[in-house]
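One structure below.
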Amino acid sequence: MALRAAEWCKLPTSLTELCINTTLRCGQSFRWRKSEDDTWTCAMHGRILSLRQDAEALHYRALFPEKQKPALPTPPPSTAAAAAAAAAAGDDDDTLAFLNHYFNLAPNLGQLYEQWAASDANFKRRAPKFTGIRILRQDAWEALIGFICSSNNNISRISGMVHNLCLHYGPLIGHMDGTPYHDFPTPEALCKPRVEEHLRELGFGYRAKYIAKTARIVAEEKGGLPWLHALTNPEYPQFGVEPAPAGELLQGGREGYRRAHDELLALQGVGPKVADCVCLFGLGWLESVPVDTHVWQIAQRDYRFGKGKHSSLTAATYVAIGNLFRKLWGKEAGWAHSVLFTADLKAFAERTVAKTEVKEEEEEVEIKTEGDDVVVETFIKQEITKRKRVKTEPEPDENQHQLVQVSERATRRSKRQRA
DNA sequence: TTTCGACCTCACGA
DNA sequence: ATCGTGAGGTCGA
């Protein structure tokens with residue numbers, strides 16, 4: 001399939017406002033691929049998108065499938081060439097607008113980080129090495145299936161599964177350097193007979209059934225994607241839709257968020273965590289806080305969960321963690337939470353806090369529950385934080401297949417009891 | 001309401 | 001070398 005040629009274009013931005021190398025690797029999306037020359041590529045929105053970033057700008061290029069030749073008399077060569085040039089130059093090219101939408105570039109990220117840091121010492125301590133992380137505005141259906149794949153799974157395997165889904169069931173957008181690029185499959189495509197069996201052969205395990213069933217529920221019972229898209233935060237709409245007010249933030253999130261979360265739970269393979277991922281990454285409900293094993297670790301280590309009433313990750317504890325984070329960070333709690341989540345990912349371990357023993361003044365938060373309300377108290381911790389270097393091991397970088405020295409931080413912060 | 005197993009697969013450590 | 005474990009959980013009892 002021939003693709004219209006395209007030029008590289010520039011979208012000026014700083015690495016603190018957007019860092020694609022972190023944003024595209026932090027586990028919110030599973031389809032972007034990085035090549036040896038640091039170019040990220042993915043097929044979406046009817047085109048093959050390529051991205052590169054340097055200190056000044058995001059460089060982007062879109063390759064479109066050649067349009068079907070109309071059954072009309074062909075225009076004279078000169079006119080045809082001019083039309084092709086115009087199309088390639090951007091007359092019908094909304095790539096810039098799409099990128100602004102997809103990367104969610106309107107909010108000032110520096111300000112948001114400052115705001116989160118001001119209300120939470122732990123964020124202030126961890127975030128500086130993880131700037132430029134943005135919550136992508138992904139397609140909700142893609143997010144839904146992607147996160148159904150995520151249960152009991154790791155990012156690299158999830159990516160492989162999603163890749164296989166596109167390869168076998170997604171529409172072919174075109175080829176680049178001999179490689180086919182497929183967009184994400186529709187619900188209808190995943191309703192075809194024997195999908196479950198096929199996905200099991202492809203190594204999806206028990207998720208094969210979840211995907212097949214969820215596709216059928218969405219396509220046949222719910223009437224298709226409009227049902228899913230109607231759950232989108234109206235304040236934070238899909239591409240090409242005008243924003244509308246979304247109501248006020250309650251402890252448990254806005255009403256629209258709670259409704260979306262509830263509706264999603266009716267699907268197969270969708271529990272509270274996956275539903276929250278879809279709300280956050282696909283439906284624009286940024287107060288959504290998906291609590292997975294990492295976040296549960298963080299909640300125990302840095303926010304004093306794991307004791308008393310919240311000694312295990314029950315449904316009640318799950319809600320309490322979300323409520324605390326919303327109280328701490330406000331309407332975009334899920335965004336702030338994603339920064340801390342990323343800071344804890346093994347793939348980014350080389351960036352975690354210094355391994356040498358450091359004397360620092362730390363602030364901790366004390367969580368209390370009073371009735372249904374969560375109370376946060378912060379206080380200064382003066383002790384030296386002991387950091388022990390446990391092991392140094394080579395670990396292959398998922399994308400570059402190069403060995404990097406990774407040392408795991410094995411700190412147990414002393415659990416000082418409040419006097 | 002909370003608590004268990006079971007569930008696919010795969011890579012890693014003991 | 002085999003076995004256990006954990007990886008961004010969910011389901012059913």
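Convention: sequence-line order gives letters A, B, ...; per-chain numbering from 1. Nothing here was measured: the structure is a model prediction, and the numbers come from that model.
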Need one value for [X]: base, sugar-phosphate or nothing, where a base atom within 4.0 Å counts as base even if backbone is also close, heavy atoms only.
| X | value |
| --- | --- |
| A:Q28 | base |
| A:A316 | sugar-phosphate |
| A:G27 | base |
| A:V270 | sugar-phosphate |
| A:C149 | nothing |
| A:L267 | sugar-phosphate |

field: Validation row, ring centre A:Y210 to ring centre A:F204 under 6.0 Å
entry: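 No.
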Whole-Å [atom1] distance, [N] and [M]:
| N | M | atom1 | result |
| --- | --- | --- | --- |
| C:dG8 | B:dT2 | C1' | 23 Å |
| B:dC10 | C:dC11 | C1' | 22 Å |
| C:dG6 | B:dG5 | P | 15 Å |

task: Return no unless some side-chain N or O of A:R207 is found under 4.0 Å from OP1 or OP2 of B:dC7.
output: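 It does not, given that no N or O in the side chain of A:R207 lies less than 4.0 Å from OP1 or OP2 of B:dC7.
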message: Taking only side-chain N and O atoms of A:S151, does any of them lie within less than 4.0 angstrom of OP1 or OP2 on C:dG8?
response: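 So the side-chain polar atoms of A:S151 never come under 4.0 Å of the phosphate oxygens OP1 or OP2 of C:dG8.
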- prompt: A:K309 has an atom NZ; how far is it from atom P of B:dT1, in whole Å?
  reply: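 About 13 Å, once rounded to whole Å.
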task: Check the distance between B:dC10's P and A:I155's CD1 and give it to me in whole angstrom.
output: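 About 18 Å, once rounded to whole Å.
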- prompt: Can you tell me how far the NZ atom of A:K34 sits from the CG atom of A:L24, to the nearest 0.5 Å?
  reply: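 If we round to the nearest 0.5 Å, A:K34:NZ and A:L24:CG are 9.5 Å apart.
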task: For the pair A:T131 (side chain) and A:A127 (backbone), establish whether a donor and an acceptor sit closer than 3.5 Å, ignoring hydrogens and angles.
output: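 No, A:T131 side chain to A:A127 backbone: no donor-acceptor pair under 3.5 Å.
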From [options], nucleotide with atom closest to [X] side chain:
| X | options | result |
| --- | --- | --- |
| A:Y206 | B:dC7, B:dT9, C:dG8 | B:dC7 |
| A:T314 | C:dG8, B:dT3, C:dG9 | B:dT3 |
| A:A315 | B:dC10, C:dG9, B:dT2 | B:dT2 |
| A:H294 | B:dC8, B:dT2, C:dG8 | C:dG8 |

query: Which residue, A:L283, A:T214, A:V274, forms the side-chain contact (heavy atoms from CB on, under 4.5 Å) with A:L264?
result: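 Considering A:L283, A:T214, A:V274, a side-chain contact (heavy atoms from CB on, under 4.5 Å) with A:L264 is found only for A:L283.
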query: Do other residues, nucleotides or ligands put more than 12 heavy atoms under 6.0 Å from A:E220 CD?
result: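 It does: A:E220 CD has more than 12 such atoms within range.
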field: Geometric class of the A:H337/A:F325 ring pair [parallel <30°, tilted 30-60°, perpendicular >60°]
entry: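 Ring orientation, 0 to 90° scale: tilted.
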- request: Please state whether the base of C:dG8 and the side chain of A:K273 form at least one donor-acceptor pair under 3.5 Å?
  value: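 Result: at least one qualifying N/O pair found.
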- request: Return the 5'-most residue of the pair A:K213, A:L280 with respect to DNA chain C, ranking by each residue's nearest nucleotide.
  value: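 Comparing both residues, the 5'-ward one is A:L280.
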field: Residue closer to the 5' end of DNA chain C, A:Y210 versus A:N153 (nearest nucleotide)
entry: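 Mapping each residue to its closest nucleotide by heavy atoms, the 5'-most match is A:N153.
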- prompt: In residues 286-293 of chain A, what residues come within less than 4.0 Å of DNA chain C, judged by heavy atoms?
  reply: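 Hits under 4.0 Å, by residue number: A:P290, A:D292, A:T293.
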Please tabulate, one pair per line, all N/O donor-acceptor pairs under 3.5 Å involving side-chain atoms of residues 101-108 of chain A, not counting sequence neighbours.
residue, atom, partner, partner atom, Å
A:H101, NE2, A:F239, N, 3.3
A:Y102, OH, A:W32, NE1, 3.0
A:N104, OD1, A:Y236, OH, 3.0
A:N104, ND2, A:I135, O, 3.1
A:N104, ND2, A:Y236, OH, 2.2
A:N108, OD1, A:G110, N, 3.0
A:N108, OD1, A:Q111, N, 3.0

Contacts table for residues 161-170 of chain A: side-chain donor-acceptor under 3.5 angstrom, sequence neighbours left out:
residue, atom, partner, partner atom, Å
A:H163, ND1, A:R33, NH1, 3.0
A:Y169, OH, A:H198, ND1, 2.6

- prompt: Which base, if any, makes a Watson-Crick or G-U wobble pair with B:dA6, both distances under 3.5 Å?
  reply: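 B:dA6 is paired with C:dT10.
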